[in-house]
Amino acid sequence: MKLPFCFITRGSRMFYRLQQKEFLSHFPRLDVTASRCGSTQMCKDDKSFYITTPIFYVNASPHLGHLYSAVIADCLHRSKLLQGFNSRFATGTDEHGLKIQQAAEAAGKDPLIFCTDVSERFKHLFNSCNISFTDYIRTTEQRHRQAVEHFWSVLWNKGLIYKGIYEGWYSTQDESFLMPSQVGEALDSSGKEIKVSLESGHKVEWMKEENYMFRLSMFQSQLINWLRENPRVVQPERFHQAVLQWLQEDLPDLSVSRQRSRLQWGIPVPGDTEQTIYVWLDALVNYLTVAGYPDKHNQWWHMAHHVIGKDILKFHTIYWPAFLLGAGLPLPQVIYVHSHWTVGGKKMSKSLGNVIDPLEHSQTFTNDGMRYFLLRQGVPDSDCDYTQHKVMKLLNAELADSLGGLLNRCTAPALNPFQVYPSFCSQSFPSDQGGRAVTDDYHMLAAVKHLPTVVEQHYHSMHIYKALEAISSCVRQTNGFVQRHAPWKLDRGDSKDQRWLDTIIHVALECLRIYGTLLQPVVPEISNKLLTRLGVQPGKRSWDALNFLPRSQGMDCPFEGRPLGPDSGVLFSRLETQSVVLTEHQTENTIMSRAAQY
Ligand code: MSP
């Protein structure tokens, strides 16, 4: 049998203290393939989709990183809806544990009142930023408590939980147990030597108490098989490899409760009121609670997709699948991992004063502006630095000038006096060369035709920045097309010129229709404005309705000759340098003056 959570101090001295009060020798046979659904035909044909964000700790107000997790999940949810899926999207707040208990104490508030207040702030942020969640879960809800108690009992009845003594390092800030190799030394603000987690930098403490332990060690080879047989289950690849690497090392059993005397703010262990369930077990079960566990979860649970930040990889790719295997439940389909936002090259932290308030910044840059920036600039593999200057530059270039400029040109009364979706002339733009179109125009058509496939693939694999890069490149090509043929120079009195002019505008509007449709998951307000201006009715905005430039293939275009929608002003207003840069200087000064104190 493997050691329980390891107890090696500096100098590699090893303590091993496990007193198993109850050891059940009968373990159920756990078959990883029976729990998997990823490759079965049933799943492929199923049109259900279930996506989750992590649930957010309520010890502090929401920051930019939290919004980022939510925006990614929202984009995936919206793209699935547009593809005709029945998609469910859960987010919410993680309200139990020592960290929250201490934060409520420090605020001098009753813990539930404290949690409700912060939970409402998260909800308000998400509503303000168009995060279209279908479920908002709080771990202090009764339905969740029932799910956790049931889940615990299943593990207990299968002999996967036993009582023992846990002795080792614990980080309250991360609510995480650490191996000695994960602990280092640092100085606190008063110069005192303290132990910290090497990964997060948070303080750790040595603890020793009687706890319930989960037989995590039993699942090591099943987890390895699951990851090997499903090479796309943890994305991007680099995180998949990292998990496999961790699993090459010892996987000790995991403490899954704390003594009630130390932790009161949590769900009591069923049948033992002296112990409180470990906050991560409690929190992870939220995904099942929303799906309807324990009675009605089947429809959603076999289609579960999780979006998580890289700091909580181990909890979602080792503990969570092991718990699920233990409980005999299917494993998640995909765990999408994203990296972090830094500010001034540093981790966001209250003490450095560099925490970005996502609500404030959404007001400066608009909701869609913020969403676009995060998804266009954020890459899952590596951390990205946030500066307002970058936000402004990107939004002005891609949303205001490129996309907004294209719409403006093609709908301006000077070029489009009758405010219609003009006719396409196949003599001017034949399917083969020979009309007035040139080679680059055909290249552009090919790129736009292929764009929905490219974008769908990138959305699905959470490479949203690549999808936006592809759209942005097509927008540039369409602008180039209009610029190249300078329709404003054509002679309206000449019928051939007039037909060619109409064709140019028809093609450009068709391109814009595709961009507007594909951008809906990322910038819902801008897309709505764009599609409304083009006169595309809500029922014609799904993936199925994309069918680019049907007239070039001799088919009817449902929009040809139809009036454009109302003009409700510029698509995205250019951001002014002065106001934005001013705020940035203030932020930088704050960072510098605060940093000087440390
Ligand atoms: N409560 C746990 C999750 C439990 S899920 C069963 C938790 N909460 S958290 O509030 O600390 O973090 C929530 C999410 O925000 C995580 O995905 C985390 O990676 C993300 N972010 C926190 N800081 C971040 C950045 N600076 N940048 C990007 N995302 C970051 O962990």
Side-chain angles (χ1 to χ4, degrees), residues 51-74 90-100 103 115 118-119 121-122 125-126 131 135 137-140 144 147-148 151 171-176 197 199-202 239 266 277-291 304-321 323-324 332 335-350 352 354-358 361 370 373-375 377-386 462:
I51 181 105
T52 67
T53 69
I55 48 170
F56 302 93
Y57 283 131
V58 290
N59 61 311
S61 294
H63 65 57
L64 186 77
H66 301 140
L67 179 63
Y68 184 49
S69 288
V71 166
I72 292 173
D74 187 51
T91 189
T93 42
D94 189 353
E95 305 188 6
H96 288 138
L98 201 52
K99 172 153 98 165
I100 311 298
C115 291
V118 185
S119 182
R121 269 187 260 164
F122 274 97
L125 168 71
F126 295 156
I131 305 298
D135 296 80
I137 171 96
R138 296 182 54 189
T139 52
T140 46
H144 178 65
V148 173
F151 192 80
S171 158
T172 303
Q173 203 50 32
D174 304 328
E175 296 284 16
S176 175
S197 155
E199 194 190 329
S200 68
H202 292 137
F239 294 109
I277 295 179
Y278 174 42
V279 62
W280 267 102
L281 195 158
D282 170 343
L284 287 161
V285 173
N286 93 83
Y287 302 134
L288 281 171
T289 308
V290 170
H305 294 69
H306 301 312
V307 171
I308 61 161
K310 63 177 187 178
D311 54 324
I312 51 177
L313 185 62
K314 173 182 68 183
F315 302 96
H316 283 83
T317 56
I318 297 183
Y319 299 174
W320 183 223
F323 292 153
L324 288 167
I335 298 160
Y336 296 105
V337 189
H338 65 74
S339 293
H340 281 186
W341 285 95
T342 54
V343 177
K346 296 201 175 66
K347 199 172 160 174
M348 269 185 269
S349 91
K350 257 202 243 166
L352 281 181
N354 64 349
V355 175
I356 299 290
D357 175 351
H361 283 239
M370 206 60 204
F373 176 77
L374 291 176
L375 295 175
Q377 204 71 31
V379 293
D381 285 278
S382 50
D383 289 352
C384 295
D385 202 48
Y386 180 88
M462 212 189 81

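Whatever order the structure lists them in is the order used to number ligands and atoms, beginning at 1.
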N/O contact list for ligand 1, threshold under 3.5 Å:
{"residue": "ligand 1", "atom": "1 (N)", "partner": "I55", "partner atom": "O", "Å": "2.8"}
{"residue": "ligand 1", "atom": "1 (N)", "partner": "D94", "partner atom": "OD2", "Å": "2.7"}
{"residue": "ligand 1", "atom": "10 (O)", "partner": "Y57", "partner atom": "N", "Å": "3.1"}
{"residue": "ligand 1", "atom": "10 (O)", "partner": "H66", "partner atom": "NE2", "Å": "3.3"}
{"residue": "ligand 1", "atom": "17 (O)", "partner": "S69", "partner atom": "OG", "Å": "3.2"}
{"residue": "ligand 1", "atom": "17 (O)", "partner": "G309", "partner atom": "N", "Å": "2.9"}
{"residue": "ligand 1", "atom": "19 (O)", "partner": "D311", "partner atom": "OD1", "Å": "2.5"}
{"residue": "ligand 1", "atom": "19 (O)", "partner": "H340", "partner atom": "NE2", "Å": "3.2"}
{"residue": "ligand 1", "atom": "26 (N)", "partner": "W341", "partner atom": "O", "Å": "3.1"}
{"residue": "ligand 1", "atom": "27 (N)", "partner": "W341", "partner atom": "N", "Å": "2.9"}
{"residue": "ligand 1", "atom": "29 (N)", "partner": "G65", "partner atom": "O", "Å": "3.3"}

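In this structure, a donor-acceptor pair under 3.5 Å is absent between the side chains of D383 and T342.
Using bins of under 30°, 30° to 60° and over 60° for the plane-to-plane angle, the ring pair H340/H338 lands in the tilted bin.
In summary, the aromatic rings of H316 and F239 are positioned with their centroids too far apart to meet the 6.0 Å limit.
Salt-bridge check for E95 with R138: passed, with a basic side-chain N closer than 4.0 Å to an acidic carboxylate O.
Under the rule for a side chain to side chain contact (heavy atoms under 4.5 Å, CB included), the partners of N286 that lie at least two apart in sequence or sit in another chain are I55, I137, H144.
No option in W320, W280, Y319 other than Y319 meets the side-chain contact (heavy atoms from CB on, under 4.5 Å) test with K314.
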